[in-house]
Amino acid sequence: MSLVKCPECQGQISTQATTCPHCGYPILPVEHNKSKRGRPKKSVQQSLMRLPNGYGTIKALPGNRRRPFAAMVNPKLTLNEETGKSYYTYDFLGSFPEKIDAYKAILNFQENPYDLKNDLTIKELYDVWLPKYIEDNNLDDNRRKAYDAIFKYCEPVYDIKVTNFMPAMIEDLIKNAYKIGDRGIETGKRIAATSTVKSNMKILFNLLFDYAVFRRIVSDNYARTFTINTSKESNQTSRVGRPYTNEELAILWDNIGDIFIDMTIVQCYSGWRPGEVITLSVNNIDLKNRTYTGGIKTKNGINRIVPIHSKILPIIQKYYYEAIDIGRPMLFGRTKQFHGSYRYIENSFRHSLLKKEEELGISGHVLHDGRHTFSTKAKKYGINEFARKKIMGHAIKDLTDRVYTHMDIEWFREEIEKIL
């Protein structure tokens with residue numbers, strides 16, 4: 001007896017072994033004794049193939065078929081309540097012309113398992129993805145409603161199989177998107193999607209197909225294989241962020257008391273995104289320790305604790321006690337409910353802020369410019385780079401900082417107070 005290498009995993013095995021003890025690969029002897037009498041026996045190749053427990057089985061299909069061997073995986077023990085007997089049920093992996101092909105397919109599946117229910121439609125995929133995405137990212141019901149509103153524009157492709165949905169189809173859907181109105185005077189009318197809606201549709205399909213790849217329904221994210229220009233003018237370029245100047249900030253400070261200006265000033269001294277500042281929960285405001293917790297969008301940004309800068313502490317206190325007094329769940333919001341909610345959406349924030357700034361002689365800004373102002377000031381006043389990224393919810397790429405650096409909140413407070 002001697003040792004040879006397994007052709008599948010290259011492990012050392014005996015020349016007398018019928019299967020590899022490491023990976024289960026069938027080892028066929030070079031020569032076999034031939035039966036002298038009786039009917040021809042089954043090929044040794046088929047008789048020696050035995051799958052490890054729990055891997056599945058290979059079934060011979062009846063009839064004269066080109067692919068007579070069915071590979072079955074995911075065995076589940078099922079009880080027949082009438083007879084009291086149990087039996088195994090399997091998921092169908094595929095049919096193959098040779099038994100060795102079915103055997104290899106099962107081994108490959110067990111090495112890299114994937115979801116065999118790959119016949120989901122776009123609507124079915126959305127219905128499975130949305131609750132999981134909302135829960136995993138701790139998003140509120142308003143975000144769910146926003147996704148539902150965008151998905152209405154995708155109705156023409158609801159029943160198309162995910163596996164049949166190609167990049168060109170996604171692109172064409174977004175470019176020509178529309179929905180049928182279901183409210184008021186718009187009922188029954190065809191409503192074309194705006195450029196903002198088209199942008200949000202592209203984002204939605206990016207997320208949907210990320211999940212489809214995760215479920216192994218598809219191998220690639222088709223939505224990320226192309227870009228789409230949703231600008232009103234084809235030659236329009238995206239606006240680069242611009243921080244507020246000292247003169248503009250002075251004007252904003254002179255007009256505190258307006259909720260939209262107050263939210264912008266808070267952004268300038270905290271780095272919150274627009275969607276984060278309007279969703280700050282009263283329950284996450286700690287006035288005693290002068291911190292607030294919030295964040296959305298990325299795993300580095302969600303639930304991050306940020307020290308409250310001393311310059312904006314009076315603003316935070318004002319809206320905190322106002323929210324407690326009227327029962328508003330978020331720090332910033334309406335004083336009376338509108339359509340059952342105290343919350344401002346980003347479009348309301350944007351429209352009201354730009355209108356107010358125009359009255360004050362400030363122009364050319366967008367909602368994210370408060371965040372740009374914080375980052376620029378943090379750099380100017382020498383805030384530690386690790387602190388700046390952590391406060392803003394950005395990823396830390398340096399291994400030492402990301403894994404081995406742990407600073408307490410008072411250190412972050414000392415850093416953020418450097419901003420004047």
Nearest-0.5 Å distance that lies between atom [atom1] in [X] and atom [atom2] in [Y]:
{"X": "Arg143", "Y": "Asp148", "atom1": "CZ", "atom2": "CG", "answer": "12.5 Å"}
{"X": "His351", "Y": "Ile345", "atom1": "NE2", "atom2": "CD1", "answer": "11.5 Å"}
{"X": "Leu204", "Y": "Trp129", "atom1": "CG", "atom2": "CH2", "answer": "5.0 Å"}
{"X": "Ile362", "Y": "Leu252", "atom1": "CD1", "atom2": "CG", "answer": "4.5 Å"}
{"X": "Leu367", "Y": "Glu346", "atom1": "CG", "atom2": "CD", "answer": "6.5 Å"}
{"X": "Leu79", "Y": "Ser86", "atom1": "CG", "atom2": "OG", "answer": "6.5 Å"}

Hey, is the main chain of [Y] close enough, under 3.5 Å, to the side chain of [X] for a donor-acceptor pair?
{"X": "Asp369", "Y": "His372", "answer": "no"}
{"X": "Asn221", "Y": "Ala223", "answer": "yes"}
{"X": "His368", "Y": "Pro274", "answer": "no"}
{"X": "Glu414", "Y": "Trp411", "answer": "no"}
{"X": "Arg334", "Y": "Lys336", "answer": "no"}
{"X": "Asp101", "Y": "Pro97", "answer": "no"}
{"X": "Ser310", "Y": "Glu417", "answer": "no"}
{"X": "Gln12", "Y": "Lys5", "answer": "no"}
{"X": "Asp172", "Y": "Ala168", "answer": "no"}
{"X": "Ser341", "Y": "Phe338", "answer": "no"}

Check whether any side-chain heavy atom of [X] sits under 4.5 Å from a side-chain heavy atom of [Y], and report yes or no.
{"X": "Leu130", "Y": "Arg144", "result": "yes"}
{"X": "Asn137", "Y": "Ile302", "result": "yes"}
{"X": "Val277", "Y": "Arg273", "result": "no"}
{"X": "Leu125", "Y": "Ile217", "result": "yes"}
{"X": "Thr279", "Y": "Arg343", "result": "yes"}
{"X": "Tyr90", "Y": "Asn74", "result": "no"}
{"X": "Tyr292", "Y": "Asn284", "result": "no"}
{"X": "Arg224", "Y": "Asp210", "result": "yes"}

Distance-minimising heavy-atom pair for [X] and [Y]:
{"X": "Tyr342", "Y": "Pro329", "value": "CD1-CD, 3.9 Å"}
{"X": "Arg328", "Y": "Val282", "value": "O-CG2, 3.5 Å"}
{"X": "Ile416", "Y": "Tyr269", "value": "CD1-O, 3.6 Å"}
{"X": "Cys268", "Y": "Leu249", "value": "SG-CD2, 3.9 Å"}
{"X": "Tyr153", "Y": "Pro156", "value": "O-CD, 3.8 Å"}
{"X": "Ala212", "Y": "Val162", "value": "CB-CG1, 4.3 Å"}

side-chain contact (heavy atoms from CB on, under 4.5 Å) for Cys154 and Met201? Distances and angles first, verdict last.
CA-CA 8 Å; Cys154 306; Met201 288 177 68; 3.9 Å; yes
Is the distance between the ring centroids of [X] and [Y] under 6.0 Å?
{"X": "Trp272", "Y": "Phe374", "value": "no"}
{"X": "Tyr344", "Y": "Phe260", "value": "yes"}
{"X": "Phe69", "Y": "Phe96", "value": "no"}

Carboxylate-amine/guanidinium proximity below 4.0 Å for [X] and [Y]:
{"X": "Asp91", "Y": "Lys76", "result": "yes"}
{"X": "Lys418", "Y": "Glu415", "result": "yes"}
{"X": "Lys179", "Y": "Glu155", "result": "no"}
{"X": "Arg413", "Y": "Glu410", "result": "yes"}
{"X": "Glu276", "Y": "Arg304", "result": "yes"}
{"X": "Asp286", "Y": "Arg290", "result": "no"}
{"X": "Glu171", "Y": "Lys202", "result": "no"}

side-chain contact (heavy atoms from CB on, under 4.5 Å) between Met330 and Leu280: does it pass, once the steps are laid out?
CA-CA 6 Å; Met330 66 283 300; Leu280 284 171; over 6 Å; no
Taking the inter-plane angle between the rings of Tyr244 and His365 on a 0 to 90° scale, is it parallel (under 30°), tilted (30 to 60°) or perpendicular (over 60°)?
parallel
Could you check whether the rings of Tyr158 and Phe151 sit parallel, tilted or perpendicular, using 30° and 60° as the cut-offs?
parallel
Among Leu173, Ile150, Ile174, which one satisfies side-chain contact (heavy atoms from CB on, under 4.5 Å) with Lys198?
Ile174
Taking OH in Tyr381 as the centre, count heavy atoms belonging to other residues, nucleotides or ligands within less than 6.0 Å. Is the count above 12?
yes
Neighbour count >12 (heavy atoms, 6.0 Å) for atom NZ, Lys390:
no
What's the verdict on salt bridge (Lys or Arg N to Asp or Glu O under 4.0 Å) for Arg388 and Glu385, showing C-alpha distance, side-chain angles and the deciding distance?
CA-CA 5 Å; Arg388 182 169 74 118; Glu385 191 67 9; 2.7 Å; yes
Does Tyr178 have Arg190 sitting over its ring (NZ/CZ under 6.0 Å from centre, angle to axis within 45°)?
yes
side-chain hydrogen bond (donor to acceptor under 3.5 Å, both in side chains) between Asn80 and Tyr87, intermediate numbers included:
CA-CA 8 Å; Asn80 187 324; Tyr87 59 95; 5.5 Å; no
Hey, mind stepping through Ile305 and Ile409 against side-chain contact (heavy atoms from CB on, under 4.5 Å) and telling me if it holds?
CA-CA 8 Å; Ile305 301 175; Ile409 193 65; 3.9 Å; yes
Intermediate values then yes/no, salt bridge (Lys or Arg N to Asp or Glu O under 4.0 Å), Asp398 and Arg402
CA-CA 6 Å; Asp398 181 80; Arg402 186 178 72 250; over 6 Å; no
Could you go step by step and tell me if Arg350 and Val366 meet the side-chain contact (heavy atoms from CB on, under 4.5 Å) rule?
CA-CA 7 Å; Arg350 179 183 299 105; Val366 294; 6.0 Å; no
